[in-house]
Q: 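One structure is given below, represented as structure tokens, and several questions about it will come after.
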Amino acid sequence: MPKKIAIILTAGYADWECAFINGIGSAYFGFETVNVSPDGQEIVSQGGLRTIPDDSMAHIKPNDFDMLILCGSAIWETAEAPDVKKLALNFLNENKYVAAICGGTLALADAGILDNRRHTSNALEFLTGKSETYNGSSYYVEGAAAISDDNVITAAGSSPVQFSAAVFRAVGVEEKTISEFLAMLASEHSKDIQM
């Protein structure tokens, strides 16, 4: 049975952060992605892409999915951020994965999920400065692109490729295939590009 991932997209979501998961993962690696918004209504990305979600957060149940992903957005730093604590904890309690990138890591910090797991984010100061309940500083890994620990994957917003690789690994994509994915994207930077 194919793996199934729920991706929470919020207003102003970062277009690039889950692009490989949606585009390459579902098209080539055989798993299904379901994009949801907090209320199921159309949202607009940071880049202005109008997005009609597949569903709303209210209909996402851990029994129906293998992973929950929080895509980054500046909204996670505001009072308008959706409350995902119960949903994320339900996924973890059912031994499912929860992944977050960029601002999405702040929601995990607020939920206490990062207090006892190795993790990363945009910067330690991002979490300590914006979360009043975060107590995971001693587990923070400075300079890491993506970290996976105890069914939780975290990444900086500048690391969508490594974040995608960690997600692919968690849903069972073969390591050889992940290495090919990483090599393909890295090859762009290994060439002398003429302008």
Side-chain angles (χ1 to χ4, degrees), residues 1-23 25-26 31-115 117 119 121-122 126-127 130-134 136 146 148 150-157 160 163-164 166-168 170-171:
M1 183 174 187
K3 299 288 185 174
K4 195 171 178 183
I5 297 175
I7 302 176
I8 297 178
L9 303 177
T10 56
Y13 74 87
D15 306 60
W16 63 94
E17 290 179 352
C18 292
F20 295 116
I21 296 164
N22 270 314
S26 58
F31 58 81
E32 181 183 352
T33 55
V34 175
N35 290 278
V36 302
S37 68
D39 58 6
Q41 298 300 306
E42 179 182 87
I43 49 176
V44 179
S45 74
Q46 183 175 326
L49 182 67
R50 300 179 74 78
T51 307
I52 300 172
D54 300 307
D55 211 330
S56 72
M57 269 178 40
H59 298 134
I60 301 304
K61 308 290 184 229
N63 289 341
D64 299 328
F65 294 89
D66 298 285
M67 180 182 293
L68 175 70
I69 296 178
L70 311 181
C71 187
S73 166
I75 202 168
W76 297 111
E77 303 174 45
T78 72
E80 284 75 47
D83 183 357
V84 297
K85 179 178 180 176
K86 183 177 179 184
L87 182 61
L89 289 171
N90 285 345
F91 265 76
L92 292 173
N93 288 338
E94 293 294 329
N95 203 30
K96 305 295 178 81
Y97 276 86
V98 174
I101 183 168
C102 194
T105 62
L106 188 57
L108 299 187
D110 287 342
I113 291 170
L114 304 183
D115 288 352
R117 292 175 171 91
H119 61 278
S121 181
N122 296 336
F126 176 74
L127 298 177
K130 297 186 181 294
S131 175
E132 295 178 3
T133 58
Y134 173 65
S148 182
D150 194 21
N151 283 18
V152 174
I153 298 168
T154 52
F163 179 66
S164 299
V167 167
F168 297 156
V171 295

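Basis for what follows: all heavy atoms, side chains included, without hydrogens, waters or symmetry-related copies. As the structure is a prediction and not an experimental result, all values here were calculated from the model.
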Q: Going by side-chain hydrogen bond (donor to acceptor under 3.5 Å, both in side chains), name the residues that satisfy it together with T154, two or more places apart in sequence or in a different chain.
A: none
Q: With sequence neighbours excluded, what pairs up with Y134 under the ring-ring contact (aromatic ring centres under 6.0 Å, His included) test?
A: H119
Q: Kindly determine whether V36 and H59 satisfy side-chain contact (heavy atoms from CB on, under 4.5 Å), including the steps that lead there.
A: CA-CA 9 Å; V36 302; H59 298 134; over 6 Å; no
Q: Which atoms form the tightest heavy-atom contact between S164 and F20, and what is the distance?
A: OG-CB, 3.4 Å
Q: Quick one: does Y13's side chain get under 4.5 Å of I8's, heavy atoms only?
A: no
Q: How close do D15 and G47 get, heavy atom to heavy atom, and via which atoms?
A: OD1-N, 2.9 Å
Q: Can you tell me how far apart CG (D115) and CG (L108) are? Round to the nearest 0.5 Å.
A: 11.0 Å
Q: E17 side chain to G72 main-chain N or O, any donor-acceptor pair under 3.5 Å?
A: yes
Q: Suppose we screen for ring-ring contact (aromatic ring centres under 6.0 Å, His included). Which residues come up paired with Y97, at least two apart in sequence or across chains?
A: none
Q: Name all residues meeting the side chain to side chain contact (heavy atoms under 4.5 Å, CB included) criterion together with K61; count only those two or more places apart in sequence or in a different chain, and write none if there are none.
A: D64
Q: If the condition is salt bridge (charged side-chain N to carboxylate O under 4.0 Å, His left out), which residues does D150 pass it with, not counting sequence neighbours?
A: R117
Q: Between F31 and D66, does the side-chain contact (heavy atoms from CB on, under 4.5 Å) criterion hold? Intermediate values first, please.
A: CA-CA 10 Å; F31 58 81; D66 298 285; over 6 Å; no
Q: Provide the closest heavy-atom pair for V167 versus A99 in the form atom of the first, atom of the second, distance.
A: CG2-CB, 4.3 Å
Q: Could I get the full list of side-chain hydrogen bond (donor to acceptor under 3.5 Å, both in side chains) partners for E42, not counting sequence neighbours?
A: R50
Q: Please report the closest heavy-atom contact between A166 and A146, naming both atoms and the distance.
A: CB-CB, 4.5 Å
Q: What do the steps show when you test C71 against T10 for side-chain contact (heavy atoms from CB on, under 4.5 Å), and what is the final call?
A: CA-CA 8 Å; C71 187; T10 56; over 6 Å; no
Q: Got a sec, which residues hit side-chain hydrogen bond (donor to acceptor under 3.5 Å, both in side chains) with Q46, two or more places apart in sequence or on another chain?
A: none
Q: Using only atom types and a distance under 3.5 Å, with no angle test, would you say the side chain of T133 pairs donor to acceptor with the backbone of D110?
A: yes
Q: Would you say the side chain of L114 lies within less than 4.5 Å of the side chain of V152, judging by non-hydrogen atoms?
A: yes
Q: Can you list everything that forms a side chain to side chain contact (heavy atoms under 4.5 Å, CB included) with P53? Sequence neighbours excluded, please.
A: S37
Q: According to salt bridge (charged side-chain N to carboxylate O under 4.0 Å, His left out), who are the partners of E80, at least two apart in sequence or on a separate chain?
A: none
Q: Taking only residues two or more places apart in sequence or in another chain, which ones pass salt bridge (charged side-chain N to carboxylate O under 4.0 Å, His left out) with K3?
A: none
Q: Go through the structure and list residues passing ring-ring contact (aromatic ring centres under 6.0 Å, His included) with F126, not counting sequence neighbours.
A: none
Q: N22: which residues meet the side-chain hydrogen bond (donor to acceptor under 3.5 Å, both in side chains) condition with it, sequence neighbours left out?
A: T33, N35
Q: Distance check, rounded to the nearest 0.5 Å: N95 atom CG versus N151 atom CG?
A: 5.0 Å
Q: Just how far is it from atom CD1 of I69 to atom CG of L9, taken to the nearest 0.5 Å?
A: 9.5 Å
Q: So, for A100 and F163, which heavy atoms are closest and what is the spacing to 0.1 Å?
A: O-CE1, 3.6 Å
Q: Working note: F91 + I60, criterion side-chain contact (heavy atoms from CB on, under 4.5 Å); need CA distance, chi angles, decisive distance, verdict.
A: CA-CA 10 Å; F91 265 76; I60 301 304; 3.9 Å; yes
Q: Looking only at heavy atoms, what is the nearest atom pair of V98 and A88, with distance?
A: CG2-O, 3.6 Å
Q: State, yes or no, whether a side-chain contact exists between L68 and K96 at a heavy-atom distance under 4.5 Å.
A: no
Q: Please check if the side chain of S73 supplies one atom and the backbone of A11 the other of a donor-acceptor pair under 3.5 Å.
A: yes
Q: Taking atom CZ of F168 and atom CD1 of I5, what is their separation to the nearest 0.5 Å?
A: 8.0 Å
